[in-house]
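Inspection log for the structure reproduced underneath, given as structure tokens.
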Amino acid sequence: MRWGAACLAIASLAACAKKDAAPADTTAAAPAAAAAPNVVTVTATDYAFDAPAQIPAGVTTFKFINQGKEVHHMALARIDSGKTADDVVAAFKAAGPTGKPPEWIRDAGGPNAPPPGGGESNVTQTLEAGTYALLCFVDIPGKVPHFMKGMAKTLIVTPSTASAPEPTSDLTLTLADYGFNFSAPPSVGRHTVRVENSGPQPHEVLLVQLVPGKTMQDLAAWVANPTGPAPARPMGGTVGIPSGGHVFFDTDLTPGDYGLICFIPDAKDGKSHAEHGMVQQFKVG
Ligand SMILES: [Cu+2]
């Protein structure tokens with residue numbers, strides 16, 4: 001029931017989603033040698049990730065394309081000790097629907113869900129060398145998380161001397177226990193949003209554009225019982241980032257009603273952060 005959610009931080013197997021844009025131009029006044037982020041394209045289908053097996057460390061833009069019919073995201077999870085994505089899946093299976101996720105995996109961002117059927121989302125983040133798993137925690141339809149259906153893939157990030165700077169942002173979105181705060185009201189047009197997690201718990205942000213006349217309450221009800229057309233369209237954002245972490249995403253906003261939501265299960269009671277009030281609606285234009 002967690003549409004586009006990540007849940008590495010907590011317990012549930014039932015656990016736990018911009019438009020396309022190029023990396024922000026950071027070179028306006030920079031020397032000619034300023035490097036650009038490494039762009040890594042990942043394509044999702046029902047139910048698999050098409051992604052490279054190995055990429056270099058450094059500032060990286062993940063361009064995420066969903067060619068499937070269902071909603072997908074690409075959670076990045078840092079894993080240690082020679083573990084693989086198969087080990088992550090086995091650990092979640094062993095823990096069962098109400099068990100804790102393995103202690104050896106950590107939220108590490110990744111692009112949240114774009115619109116299905118060819119939509120794109122993106123995230124730009126500084127990647128440390130190490131071993132990661134790409135995972136889809138979305139469990140619509142059927143309440144079985146997609147990582148159990150094949151959407152789990154190991155990604156090796158190799159040491160690198162790449163020196164691309166992080167993007168320059170024009171908006172900051174701060175995540176807290178439990179809420180969202182924009183540095184300024186988002187306007188129509190293109191933005192590079194810096195997402196910061198100021199809370200003690202991991203958080204994600206899924207940006208959605210609401211169908212005219214629908215509300216975030218309608219979306220919450222639909223996620224709990226996804227029958228009929230969805231009242232909102234996923235527009236990217238970032239999957240879970242740890243306390244103190246930050247990533248960037250580019251978006252292109254047209255006039256309309258939008259929302260922000262975090263589906264990560266709470267560390268204390270296992271309810272989603274959305275149920276704790278981490279959901280916000282706003283108007284653009
Ligand atoms: Cu999925």
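Keep in mind that what you see is a predicted model, and the values were worked out from it rather than measured.
- Side-chain N/O atoms of Glu166 and Thr126 include a donor and acceptor closer than 3.5 Å.
- Once rounded to the nearest 0.5 Å, the distance linking CZ of Phe147 with SG of Cys136 reads 9.5 Å.
- Applying the 6.0 Å contact sphere to NZ of Lys214 captures no more than 12 heavy atoms from other residues, nucleotides or ligands.
- Hydrophobic clustering (ILVMFWY, side-chain heavy atoms < 4.5 Å, transitive): Val211 and Ile261 are in distinct clusters.
- For Pro167 against Thr124, the heavy-atom pair with the smallest separation is CG-CG2, 3.6 Å.
- Remark: the backbone N or O of Ile264 is not paired with any side-chain donor or acceptor of Ser272 at under 3.5 angstrom.
- Lys283 is linked by a salt bridge (charged side-chain N to carboxylate O under 4.0 Å, His left out) to Asp257, counting only residues two or more places apart in sequence or in another chain.
- Between Asp266 and Lys271 there is no salt bridge, since no side-chain N of the basic residue sits under 4.0 Å from a carboxylate O of the acidic one.
- Among residues at least two apart or in separate chains, ring-ring contact (aromatic ring centres under 6.0 Å, His included) pairs with a member in residues 194-221 are His203-His273.
- Side-chain atoms of Asp177 and His276 form no donor-acceptor pair, as typed in the model, at a separation below 3.5 Å.
- Side chain to side chain, His146 and Glu70 fail the donor-acceptor criterion of an N or O pair below 3.5 Å.
- The two residues Pro265 and Gly270 come nearest to each other via the heavy atoms CB-O, 3.6 Å.
- Closest of all the heavy-atom pairs between Ser243 and Pro200 is CB-O, 3.5 Å.
- No more than 12 heavy-atom neighbours from other residues, nucleotides or ligands sit within 6.0 angstrom of CD on Glu103.
- The minimum heavy-atom distance linking Leu206 with Phe263 is given by the pair CD2-CE1, 3.9 Å.
- Applying the 6.0 Å contact sphere to CD of Gln67 captures more than 12 heavy atoms from other residues, nucleotides or ligands.
- For the pair Ala113 and Ser121, the tightest heavy-atom approach, listed with the atom from each and the gap, is C-OG, 4.4 Å.
- Here the straight-line distance linking atom CD1 of Ile79 with atom CG of Leu155 works out to 9.5 Å at 0.5 Å rounding.
- Within the structure, side chain to side chain donor-acceptor pair (under 3.5 Å) pairs that include any residue of residues 36-48 comprise Asp46-His72 (at least two apart or interchain).
- Remark: side-chain polar atoms of Asp107 are not paired, donor with acceptor, to backbone N or O of Ile241 under 3.5 angstrom.
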